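Working notes, structure below.
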Amino acid sequence: MKRRTLTKYLTLSAIASSLPVALAACQSSSDTASTDSITTNNKPVKIDSTPRDDGFAAIGTVAELDEKGFISDKAFFAGSLLLIRDPGDTSALIAVDSLCTHQGCSVDWESDAGVFACPCHGSSFNADGTVATGPATTALKTFEAIIEEDLVLVKAIT
Ligand code: FES
């Protein structure tokens, strides 16, 4: 092999090997947002939030839910999401759109009172999303939610 040919070959090889790194650096963080990695019980757990064929998408782990008492996902496909265990049947889950139906503030789950409370104008919603106190007059939108193995899934697509 001639020296000039060898130099060309090595240059092309160096460019080709650095291409994946360059492409990864150009990728925005939202491009990779569908897969999160969290740690529960010192075990890394991969959460792929891409909706499955049945429309369900993982939003967290059972351990995370039980540790915090809720799971919040403001970037969920179908809206801003807040998920709790049903206070009346802790084997069931309740997932609501966390945007208040009055003027769109984010509600918080207040477990002691058993309501989703809005900090802006005082509306509160029962655990099933129905209005407890106004000024809101419309219930929070709800989503179907299930547990499969260690994961909490919410139906993103109906
Ligand atoms: Fe929630 Fe007004 S935005 S009560």
Side-chain angles (χ1 to χ4, degrees), residues 19-158:
L19 197 55
V21 174
L23 289 174
C26 293
Q27 195 172 32
S28 74
S29 61
S30 63
D31 294 341
T32 59
S34 65
T35 304
D36 290 332
S37 182
I38 64 169
T39 302
T40 60
N41 297 331
N42 297 322
K43 275 186 355 193
V45 177
K46 268 267 196 256
I47 297 182
D48 183 356
S49 60
T50 305
R52 304 185 311 200
D53 289 345
D54 64 2
F56 281 95
I59 63 159
T61 64
V62 173
E64 177 187 6
L65 172 63
D66 290 338
E67 183 181 316
K68 295 187 336 191
F70 65 90
I71 295 176
S72 175
D73 185 350
K74 296 195 183 310
F76 188 62
F77 298 92
S80 188
L81 189 80
L82 187 54
L83 179 138
I84 59 168
R85 284 191 182 271
D86 184 340
D89 173 9
T90 55
S91 67
L93 303 175
I94 296 174
V96 299
D97 185 328
S98 65
L99 296 184
C100 178
T101 56
H102 179 231
Q103 290 182 1
C105 293
S106 287
V107 299
D108 299 311
W109 173 242
E110 294 191 356
S111 58
D112 290 344
V115 295
F116 295 102
C118 181
C120 291
H121 311 104
S123 289
S124 64
F125 301 86
N126 299 307
D128 64 358
T130 56
V131 176
T133 58
T137 58
T138 305
L140 297 172
K141 181 179 176 185
T142 58
F143 302 96
E144 189 178 346
I146 57 172
I147 291 174
E148 278 187 9
E149 299 176 6
D150 271 355
L151 293 177
V152 175
L153 300 114
V154 175
K155 195 154 198 171
I157 301 167
T158 54

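Computed from a predicted structure; not experimentally measured.
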SG(C118) to SG(C100) below 2.5 Å: no
Check: [Y] and [X] side chains under 4.5 Å, non-hydrogen atoms:
{"X": "V96", "Y": "F125", "result": "no"}
{"X": "L65", "Y": "L93", "result": "yes"}
{"X": "S72", "Y": "L81", "result": "no"}
{"X": "V152", "Y": "V62", "result": "yes"}
{"X": "L83", "Y": "F143", "result": "no"}

Indicate the atoms forming the closest heavy-atom contact of [X] with [Y], along with that distance.
{"X": "W109", "Y": "V115", "value": "CE3-O, 3.3 Å"}
{"X": "E148", "Y": "I146", "value": "OE2-CD1, 3.6 Å"}
{"X": "F116", "Y": "N126", "value": "CD1-O, 3.5 Å"}
{"X": "A58", "Y": "L151", "value": "CB-CD1, 4.3 Å"}
{"X": "G60", "Y": "I71", "value": "CA-CD1, 4.0 Å"}
{"X": "L99", "Y": "S106", "value": "CD2-OG, 3.8 Å"}

Aromatic plane relationship, H102 with H121 - under 30° parallel, 30 to 60° tilted, over 60° perpendicular: perpendicular
Worked check of side-chain contact (heavy atoms from CB on, under 4.5 Å) between E64 and I59: CA-CA 10 Å; E64 177 187 6; I59 63 159; over 6 Å; no
Is there a donor-acceptor pair under 3.5 Å between the side chain of [X] and the backbone N or O of [Y]?
{"X": "T138", "Y": "T101", "value": "no"}
{"X": "S123", "Y": "A136", "value": "yes"}
{"X": "D86", "Y": "G88", "value": "yes"}
{"X": "T133", "Y": "S124", "value": "yes"}

Rounded distance [0.5 Å steps], CG in D128 versus CD1 in I94: 6.5 Å
Any donor-acceptor N or O pair under 3.5 Å, side chains S98, S80: yes
Charged N-O contact under 4.0 Å between K155 and D54: no
